[in-house]
Amino acid sequence: MTPKLIIIDDEEDIGNYIADVAEEMGFETVVTTTADEFWPAFSTTRPSVIFLDLMMPDVDGIQFLRLLSEQECAAEIILISGSDTRILKSAERIGHTHGLRMAGVLQKPILIGDLEAILEKANLGQKTISESELLEAIRSDQMVLHYQPKINLSSKHGWDITACEALVRWNHPEQGLILPDQFIPLAEQTGLISQLTDFVLVTAIKQSRLWQNEGIPIGIAVNISAQLLSELELPDKIWAVMEKYHLNPESLTLEITESAAMADVGLTMDILTRLRLKGFSLSLDDFGTGFSSLVQLHRMPFNEMKIDKSFVMEIGDDNEAKDIIQSIVSLGHNLGLQLCAEGVVTEEALKFLRSLNCDSAQGYLISEPLPADQFSQFIKDSISAKQSSKTFA
Ligand code: C2E
Ligand code: MG
Ligand code: MG
C-alpha cells in the first residue's frame, strides 16, 4: 500500500517542495493551503503522514492538533514553522498530550537532508498497517504479551516485585516485533481493540494462573482503552475469565488511560463502579498527560494513579519535573490513591520517588518488559537476591 501524505501550509511553494521530495521517496501526496481544503482531503485520503504549518493566517495550529485528535488521527504528524524551536517543541508536547503521534519538527527554511530524514523515519514508523492485516494478526496468534515488573518502593531489600504490567506486541513474520503505539490507534479506530483486548485479557490471566501454580503470586495489570468503557458487558466478561482460571479479582488491575474517549462520563462511571464492586483494581494510566479533569478523577472509583513517564524520565535534569511529580503524589495521596511512577531509568529518580513516599515504580532501571519465560526467571533471580541480601544484612 502506498503511504499517503497531506501537507497544510499557506505557502504553496513550500507544500510543493515537500511533496516533490516525498514523492521521490514513494509517498502519494496532497498539498493544501487552507483548512477548507485540508479536511475533505483528510477524510478521503486517510494519510499516514501529515505536515502541519503552525503559523498560518486563518488556521490556529494548536486548535488544529486538537481537531486531529478528535478525529482519532493515527497519522505521524510533523510540525513546520518559521518560529523558534521552543515554540515548535511546546506545540509538539501539546500534540503528545492529545494522544497524537508526533514524528518531529522542522524549522523553516527546510533543509532537504532534514526533510528526507524525517520522512524516512515517519515512513518506517507508520509501516502503513491496514485493518485487514491487523485482524489477521490477531486471528493468527501473531500478538504476544511482554511483562514489565512493578516494584514496591517501601521495601529496602532488592527489588520487591509485587505485580507486572502486560504489554502487547505484534510479532510480525517479516517486520519483527512491532510496538503497541504503532497499532493500538488503528485498533481503536477500527473497533478491533475489542478483539485485541479479549486476547490480552485471556493471555494475561492464563499466565497469572501459571505463575500462581509455580508459587509466584504476582498481581497483573492489563491496559484497557477508555473506548471499551462503553461496553456494558465488560465487567461480566472479565469476571468470567477470572473465574475460569480460579483467580482472585484482587490480583487483576485494569489500567485506563485518561482519554478524550471518556466523554460519556455516566456510562464510564457505571462500568468502572461495577468493576470495582467486583473487586478489581482500577488504575488511571499516564496521569499528567491530560484529558480527564480533576473533578472526574475525584468522582471515578480509581484506586491507583500512574504518573506518566514523560515527567519521571526527566528527574535529574529538570526541577520542574520534580515539582510536578511531588504535586501529583500529594494530590493522589490526598485522594486516597496509590501512586505508581512509570519510566524510572535512574537510581536518582528512584531515590527521589522514595523520598516522596511514592508507592510503586516501573521502568527500565528495574527491567524492560520481558517475555513470560524471561519474566519468571527475573522474579526467581530477584527473590534469591533478596534472600541473600537479608541474610548478609
Ligand atoms: P503504558 O500503559 O503507559 O505502558 C508503559 C509504557 O512505557 C510501555 O511501552 C513500557 O515499555 C514503557 N516504559 C516503561 N518503563 C520505561 C522506561 O523506563 N523507559 C522508557 N523509554 N519506556 C518505558 P509500550 O509497551 O511500548 O506501550 C505503549 C502503550 O501502548 C502503553 O502505555 C499502553 O497505553 C498501550 N498498550 C500496550 N499494551 C496494550 C494493550 O494490551 N491494550 C491497550 N489498549 N493498550 C496497550
Ligand atoms: Mg499502562
Ligand atoms: Mg503509562
Side-chain angles (χ1 to χ4, degrees), residues 5-10 14 18 32 34-35 38-39 42 47-108 110 114 118 121-122 125-126 180-182 184-185 188-189 225-227 256-263 284-297 305-315 317-325 327-328 331 342-343:
L5 178 153
I6 306 185
I7 304 144
I8 172 161
D9 192 318
D10 59 310
I14 295 195
I18 296 172
T32 64
T34 60
F38 176 86
W39 289 111
F42 175 76
S48 50
V49 182
I50 295 173
F51 276 76
L52 166 63
D53 181 11
L54 272 186
M55 307 288 221
M56 287 184 286
D58 63 342
V59 180
D60 173 341
I62 302 299
Q63 193 186 16
F64 215 84
L65 289 172
R66 187 165 46 73
L67 293 172
L68 284 170
S69 150
E70 281 168 14
Q71 299 285 321
E72 298 185 354
C73 169
E76 303 267 357
I77 299 171
I78 295 148
L79 298 177
I80 38 179
S81 168
S83 54
D84 73 53
T85 37
R86 269 177 65 112
I87 298 180
L88 277 169
K89 282 282 171 200
S90 83
E92 188 180 37
R93 223 169 285 138
I94 292 170
H96 281 297
T97 306
H98 284 307
L100 293 167
R101 303 178 57 180
M102 306 307 293
V105 298
L106 280 178
Q107 210 178 350
K108 291 182 187 175
I110 300 170
D114 293 346
I118 217 160
K121 195 177 132 217
Q126 188 72 33
D181 286 341
Q182 315 240 352
I184 294 283
E188 289 180 341
Q189 269 175 28
S225 291
Q227 201 180 321
I256 291 140
T257 308
E258 304 181 79
S259 142
M262 235 190 238
L284 181 61
D285 209 344
D286 302 339
F287 187 80
T289 54
F291 286 104
S292 63
S293 70
L294 289 175
V295 177
Q296 272 186 35
L297 168 64
M305 203 155 114
K306 291 185 91 169
I307 309 170
D308 191 64
K309 60 176 179 290
S310 59
F311 305 113
V312 182
M313 288 169 76
E314 291 198 5
I315 297 175
D317 332 315
D318 184 347
N319 277 328
E320 252 175 41
K322 281 186 168 177
D323 290 343
I324 293 170
I325 293 168
S327 312
I328 296 179
L331 168 75
E342 60 181 23

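Starting from 1, each residue takes its place in the sequence as its number. All values below come from the heavy atoms of this structure, side chains included, with hydrogens, waters and symmetry mates left out.
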Shortest non-hydrogen contact from Phe64 toward Ala35: CE1-CB, 4.1 Å

Value rounded to 0.5 Å, distance of CG in Leu52 from CG in Leu65: 5.5 Å

Atom of Ala74, atom of Pro185 and distance for their closest heavy-atom approach: CB-CB, 3.9 Å

To the nearest 0.5 Å, what is the distance between CG (Asp53) and CD1 (Ile18)? 8.5 Å

To the nearest 0.5 Å, how far apart are CD1 in Ile50 and CD1 in Ile6? 6.0 Å

Would you say the side chain of Leu5 lies within less than 4.5 Å of the side chain of Phe51, judging by non-hydrogen atoms? yes

Any non-hydrogen side-chain atom of Thr34 less than 4.5 Å from a side-chain atom of Met56? no

Here the pair of heavy atoms bringing Cys73 nearest to Leu100 is O-CD2, 3.8 Å

Roughly how far, to the nearest 0.5 Å, is CE of Met102 from OG1 of Thr97? 9.5 Å

Evaluate the criterion salt bridge (Lys or Arg N to Asp or Glu O under 4.0 Å) for residue pair Lys108 and Asp9; output intermediate values, then yes/no. CA-CA 12 Å; Lys108 291 182 187 175; Asp9 192 318; 3.1 Å; yes

Do Ile80 and Leu54 come within less than 4.5 Å of each other through their side chains, counting heavy atoms only? no

Can you find a pair of side-chain heavy atoms, one from Trp39 and one from Leu67, that are under 4.5 Å apart? yes

Please give me the minimum heavy-atom distance between Val312 and Gly343, naming the atom from each residue. CG1-O, 3.6 Å

Please report the shortest heavy-atom distance between Gln227 and Glu188, naming the atom on each side. NE2-O, 2.9 Å

Can you check side chain to side chain contact (heavy atoms under 4.5 Å, CB included) on Ile77 and Leu68, steps first, answer last? CA-CA 10 Å; Ile77 299 171; Leu68 284 170; 3.9 Å; yes

Side-chain heavy-atom pair Lys306, Phe287 within 4.5 angstrom cut-off: no

What is the distance from atom CD1 of Ile118 to atom CD1 of Ile78, rounded to the nearest 0.5 Å? 5.0 Å

With heavy-atom distances below 4.5 Å as the criterion, would you say the side chains of Glu314 and Lys322 are in contact? no

Gap separating the CG atom of Asp285 from the NZ atom of Lys309, nearest 0.5 angstrom: 8.5 Å

Charged N to carboxylate O under 4.0 angstrom, Arg66 versus Asp60? no

Does some side-chain heavy atom of Gln107 sit less than 4.5 Å from a side-chain heavy atom of Leu88? yes

Between Ile14 and Ile110, is there a side-chain heavy-atom distance shorter than 4.5 Å? yes

